[in-house]
Amino acid sequence: MYPDRVVSGMRPTGSMHLGHYHGALKNWIKMQTELPCLFFVADWHALTTHYDDPAVIERSTWDMVVDWLAAGIDPTQSTIFIQSRVPEHAELHLLLSMATPLGWLERVPTYKDQIENLANKDLATYGFLGYPLLQAADVLIYRASQVPVGEDQVPHIEMMREIARRFNHLYGKEKGFEEKAQEAVKKLGSKRAKLYNELRTEYQQDGKEEALAQAKAMLDDAQSLSMGDRERLFGYLEGSRKLILVEPQARLTEASRLPGLDGRKMSKSYGNAIALREDKDSVTKKIKTMPTDPARVRRTDAGDPSRCPVWQFHQVYSGLPTQEWVVKGCKSAGIGCIECKQPVIDAIIREQEPMHERAQPYLDDPSLVRAIVADGNEAARRLAQEAMRDVREAMGLGYS
Ligand code: SF4
């Protein structure tokens, strides 16, 4: 089977803030140590909502990559690239669009949500309707096994799986597949070939999932097979189709949610964000002027942390002893709000220090960032081209 791989992207529509860090980036940093990861700047996706303001995209792209590097994305472990530098994404998007029913796109829940949330923009465009399909192409082109998502994005992954399944069903039927698959079985060697056939029968006749898993594990180990034969044998196990595109799995992220300074979702457009590389004085000022429980008008008034956005910051940044100190001190008016905010200020500044350090060389010499992205574009493109060769061939566009 294809190697395990993670793909994820972000839209370059503004600078990154601590909400992005806690909601997604921290998770990327963890994943890059576990599996090969491809992280991309989704500039075409940004155009689906910012088609009338493209200037922000290029500037934000470079800032965003510096933010990723500052946060700890390691270019020696992960592939960092720009979506539009790998035009094969667009080709796959186009080809997938031929066989994707319109209803699948219209029923993606975030489509309607976004149209309502961004009511000030005209999103009745062809590009916007198609963005979940472009997302599918972004993932399927790398035959990614996992995509990190929050709960609200799970329907997108479900749709990607349906699209991959439909593609394999429509185009995975190779001329002479049965004969080629049987030839490939022989290449396993007589013992393994016998076992393969037994497991295949057990799965196809009795639906035994363990037999399928055992056969797949055996194919994973079979070094002697070419990539093409391996895919045939995977497809042959389950039916009579070659697997060209891989159905990805949603990898649910247990992201800690950091709200904005006013308790709403952190967003630059709400003016309630702390930038990833915000300077110390500004962080201090923003936290010091953050709203608190409105009941605490005077220092002697008792408060309730559950009504205070500062408490939500403590839940992300403070350990249990500090949290207990906050709850007790707030409810008894034993501490003042400025006092309560200090550990949060200290923790944010501590968290950001290594980010500033990591960002500095890239700010001093932006060509380093360009070079990292150029390498990433090239590496991603090689993988995308491999998949596109198979896709074109399967769709009768091989012209060899
Ligand atoms: S003491 Fe802390 S938790 Fe309580 S209202 Fe003030 S800032 Fe909020």
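As the structure lists them, so they are numbered: ligands from 1, and atoms in each ligand from 1.
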Check: Is there a donor-acceptor pair under 3.5 Å between the side chain of T48 and the backbone N or O of Y131?
Finding: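 Looks like no, no N/O pair under 3.5 Å.
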**Message:** Under the ring-ring contact (aromatic ring centres under 6.0 Å, His included) definition, can you give me all pairs with a residue in residues 277-318, not counting sequence neighbours?
**Reply:**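 Residue pairs with at least one partner in residues 277-318: H22-Y317.
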Margin query: Restricting to under 2.8 Å, identify the protein N, O or S atoms around atom 2 (Fe) of ligand 1 as residue plus atom.
Written below: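 Under 2.8 Å from atom 2 (Fe) of ligand 1 - ignoring waters, which are not counted - the protein N, O or S atoms are C340 SG.
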- May I ask you to establish whether R166 and W104 are in a cation-pi arrangement, using a distance under 6.0 Å from NZ or CZ to the six-membered ring centre and at most 45° from the ring axis?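 Judged by the rule, R166 and W104 form a cation-pi pair.
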*Does E183 come within less than 4.0 Å of R232, counting only side-chain N to carboxylate O?*
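No, this pair does not count.
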inquiry  = Holding to ring pair (Phe, Tyr, Trp, His ring centres under 6.0 Å), I want the full list of residues that pass it with Y21, two or more places apart in sequence or in another chain.
reply    =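 With sequence neighbours excluded, Y21 shows a ring pair (Phe, Tyr, Trp, His ring centres under 6.0 Å) to no residue whatsoever.
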Among all residues two or more places apart in sequence or in another chain, which pass the ring pair (Phe, Tyr, Trp, His ring centres under 6.0 Å) test with Y362?
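Ring pair (Phe, Tyr, Trp, His ring centres under 6.0 Å) list for Y362, sorted by chain: empty.
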